[in-house]
Participant: 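One structure, as structure tokens, below. Some questions next.
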Amino acid sequence: MCEQEVSNNNNNNNNEITEKTKEEKEKDEIEYMEYLKYRKEIIDSHCHIHEDIEHFQESCNLPFKKILLMGTTVKDWDRVNQLADIINDDNKIIRCFGIHPWFVYNYLPPTELIGKIKEEVDNNNNNNNNNNNNNNNNNNNSNNNNNGNNIIEIDETWKIKMKELLIKYPNSMVGEIGIDKVTRVKLNGLNKNDQDSQMKVFKDQIEMANEMGRLVSLHCVQLQGKLLTFFQSLGIDQFPPSIALHTFGGKPATVDQFCKMGSGKGDRFYFGLSFINLTSSKVDKLIQAIPDDRLLLESDQSTPTRAEHSLFKLIQKVSSSKNWTIQKTIEQTTLNTLNFLSKQIKK
């Protein structure tokens, strides 16, 4: 190929790219108009917008049919209730209370830290972990042990408060809970993934959800196999009524494994997707693998200012992957979430 042919070919490609970009923009505009028409039917099945207390008014103004607020620590549960009380609509707001795996160490610290003075731990953190930039930077949401003598110890009082809140709010859920292979406990020079503590607190919360007939929103990062084995080992009588696998990060084949779990357990799993899933090159295959009636939409945002944008982009991707219209995606996922919510057992 001569130099001129290469140049002509590049010009043709540039024209195609420009034309495609224009078409994509037009398509976006059409789909956004369709989104605006049906957005009041959307259910955001997993978010943390209550964390942004400076934008509570924007949270109140979100047009969605329902919003599920996910609490992650004892302190965070107070924010969930604060926003829910302001909105004051139990049909729209579902309060969710859970201990997130990122913050388990505040309630069940690694064995080697128990009995140490908290001030020493803080000093160690300041000296050794100033460059800590992992997901535990959300520690401002955590609820550190607050015993008066600053001694690090096991704190199981969360169980009492969580049960009280679940009783007080009959339509509340258990979440966000789970297990995470990536997160690290960075205290007193430690840099470890404490899966034993995570698993213990996770099991306690699953037992509470089962005991009280509550739905679960479940976080799992790089431990899908372990999660699958855990649920396979439970009897159906030990299962929560239904479980939403939040921002599901497993392989398409794993979806099938969850759905085909025996004794009717597979029927209890739903699969949430969020903007985080859109970063994967395999997201189309994952969306296609999820049964049409088990797919849930999540903004997973910690501020209302990004919730609509995240959900619109997710709805576009689901529509494309499933070959649905924007309307169909919203209507189907709303029906799915309502079916999920209907499985809660009031005790």
Side-chain angles (χ1 to χ4, degrees), residues 39-40 42-104 106-107 135-144 146 157-158 161-178 180 183 201 205 208-209 214-219 244 246-247 272-276 296-312 314 337 340-341 344:
R39 65 178 178 170
K40 289 185 178 180
I42 290 172
I43 298 179
D44 186 351
S45 69
H46 188 111
C47 73
H48 304 271
I49 58 173
H50 57 278
E51 292 180 8
D52 188 357
I53 58 177
E54 293 182 359
H55 290 94
F56 268 11
Q57 187 57 54
E58 287 83 351
S59 292
C60 293
N61 293 338
L62 286 173
F64 308 141
K65 186 182 188 77
K66 290 182 182 291
I67 301 172
L68 279 61
L69 301 177
M70 296 291 152
T72 57
T73 67
V74 172
K75 184 177 179 180
D76 195 40
W77 301 346
D78 293 337
R79 283 192 291 265
V80 167
N81 286 329
Q82 186 180 357
L83 179 57
D85 288 344
I86 291 172
I87 295 176
N88 193 27
D89 184 350
D90 289 342
N91 288 321
K92 180 173 183 177
I93 300 298
I94 307 295
R95 307 170 197 240
C96 307
F97 308 109
I99 301 297
H100 193 289
W102 292 358
F103 309 122
V104 161
N106 290 304
Y107 309 94
N135 52 20
N136 284 338
N137 62 11
N138 285 320
N139 284 350
N140 62 309
N141 295 330
S142 64
N143 184 50
N144 292 322
N146 194 21
T157 59
W158 66 267
K161 182 167 185 179
M162 185 172 169
K163 191 166 186 176
E164 289 175 347
L165 289 170
L166 292 174
I167 292 171
K168 183 176 181 179
Y169 302 106
N171 71 336
S172 61
M173 288 174 43
V174 172
E176 176 179 358
I177 70 173
D180 190 312
T183 190
V201 172
Q205 294 178 95
M208 190 178 299
R214 299 310 174 91
L215 308 174
V216 170
S217 184
L218 199 160
H219 166 114
H246 151 62
T247 305
L273 297 179
S274 73
F275 73 97
I276 296 172
L296 309 180
L297 299 179
E298 307 174 345
S299 73
D300 197 25
Q301 288 290 355
S302 57
T303 174
T305 61
R306 293 196 294 265
E308 281 214 76
H309 177 75
S310 291
L311 282 169
F312 173 59
L314 177 62
T337 313
F340 169 74
L341 293 172
Q344 184 138 297

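Worth saying up front: this structure is predicted, and the values here are computed from it rather than measured.
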Participant: What pair of heavy atoms forms the shortest contact from Val216 to Ala209, and how long is it?
Facilitator: CG2-CB, 3.5 Å
Participant: Who are the side-chain hydrogen bond (donor to acceptor under 3.5 Å, both in side chains) partners of Ser59, not counting sequence neighbours?
Facilitator: none
Participant: Does Val174 reach the side chain of Met208, with side-chain heavy atoms less than 4.5 Å apart?
Facilitator: no
Participant: Restricting to ring-ring contact (aromatic ring centres under 6.0 Å, His included), what partner residues turn up for His246, sequence neighbours left out?
Facilitator: His46
Participant: Ser45 and side chain to side chain contact (heavy atoms under 4.5 Å, CB included): which partner among Asp300, Thr337, Ile67?
Facilitator: Thr337
Participant: Minimum heavy-atom separation for Lys92 to Cys60, with atom names?
Facilitator: NZ-O, 4.1 Å
Participant: Can you see which heavy atom on Ser302 is nearest to which on Asp52, and at what distance?
Facilitator: O-CB, 3.4 Å
Participant: Would you compute the distance between atom CG of Leu83 and atom CG of Asn88 and round it to the nearest 0.5 angstrom?
Facilitator: 11.5 Å
Participant: Just jot down the side-chain hydrogen bond (donor to acceptor under 3.5 Å, both in side chains) partners of Asp90, sequence neighbours excluded, or say none.
Facilitator: none
Participant: For atom NZ of Lys161, decide whether the heavy atoms of other residues, nucleotides or ligands shown that lie under 6.0 angstrom number more than 12.
Facilitator: yes
Participant: List in chain and number order the residues that pass side-chain hydrogen bond (donor to acceptor under 3.5 Å, both in side chains) with His100, two or more places apart in sequence or in another chain; answer none if no residue qualifies.
Facilitator: Glu176, His219
Participant: Look only at the side chain of Thr303 and the backbone of Arg306, and say whether a donor-acceptor pair between them is shorter than 3.5 Å.
Facilitator: no
Participant: Is there side-chain contact between Phe64 and Glu308, with at least one heavy-atom pair below 4.5 Å?
Facilitator: yes
Participant: Please identify each residue that fulfils ring-ring contact (aromatic ring centres under 6.0 Å, His included) with Phe275, with sequence neighbours left out.
Facilitator: none
Participant: Can you find a side-chain donor-acceptor pair between Gln57 and Asn61 that sits under 3.5 Å?
Facilitator: yes
Participant: Classify the side-chain pair Ser172/Arg214 by whether it contains a donor and acceptor separated by less than 3.5 Å.
Facilitator: yes
Participant: Could you pull out all residues at least two apart from Asn91 that satisfy side-chain hydrogen bond (donor to acceptor under 3.5 Å, both in side chains)?
Facilitator: none
Participant: Once you round to the nearest 0.5 Å, how far does CH2 of Trp102 lie from OG1 of Thr72?
Facilitator: 9.0 Å
Participant: Which distance, rounded to the nearest 0.5 Å, do you find between the CE of Met173 and the CG of Leu166?
Facilitator: 10.5 Å
Participant: Nearest 0.5 Å, please: how far is CD1 in Ile99 from OH in Tyr107?
Facilitator: 4.0 Å
Participant: Using a distance-only test with no angle check, is there a side-chain donor-acceptor pair under 3.5 angstrom linking His50 and Asn81?
Facilitator: no
Participant: With rounding to the nearest 0.5 Å, note down the distance linking CD1 in Ile87 to CG in Leu62.
Facilitator: 7.5 Å
Participant: Is the number of heavy atoms from other residues, nucleotides or ligands within 6.0 Å of CD1 (Ile53) greater than 12?
Facilitator: no
Participant: Please examine the side chains of Cys47 and Leu69, heavy atoms only from C-beta on, and report whether any two atoms are closer than 4.5 Å.
Facilitator: yes
Participant: In terms of heavy-atom contacts, does NE2 of His55 have more than 12 from other residues, nucleotides or ligands at under 6.0 Å?
Facilitator: yes
Participant: Using side-chain heavy atoms (C-beta onward) and a distance below 4.5 Å, is Leu68 in contact with Leu341?
Facilitator: yes
Participant: Compare every heavy atom of Gln301 with every heavy atom of Ser310, then report the nearest pair and how far apart it is.
Facilitator: OG-NE2, 2.6 Å
Participant: Does the distance from a Lys or Arg side-chain N to an Asp or Glu carboxylate O, for Asp76 and Arg79, drop under 4.0 Å?
Facilitator: yes
Participant: Roughly how far, to the nearest 0.5 Å, is the CG atom of Leu273 from the OG1 atom of Thr247?
Facilitator: 7.5 Å
Participant: Taking all non-hydrogen atoms of both residues, which atom of Pro304 and which atom of Glu58 are closest, and how far apart?
Facilitator: CG-CB, 3.8 Å
Participant: So which heavy atom on Thr183 is nearest to which on Pro101, and how close?
Facilitator: CG2-O, 4.3 Å
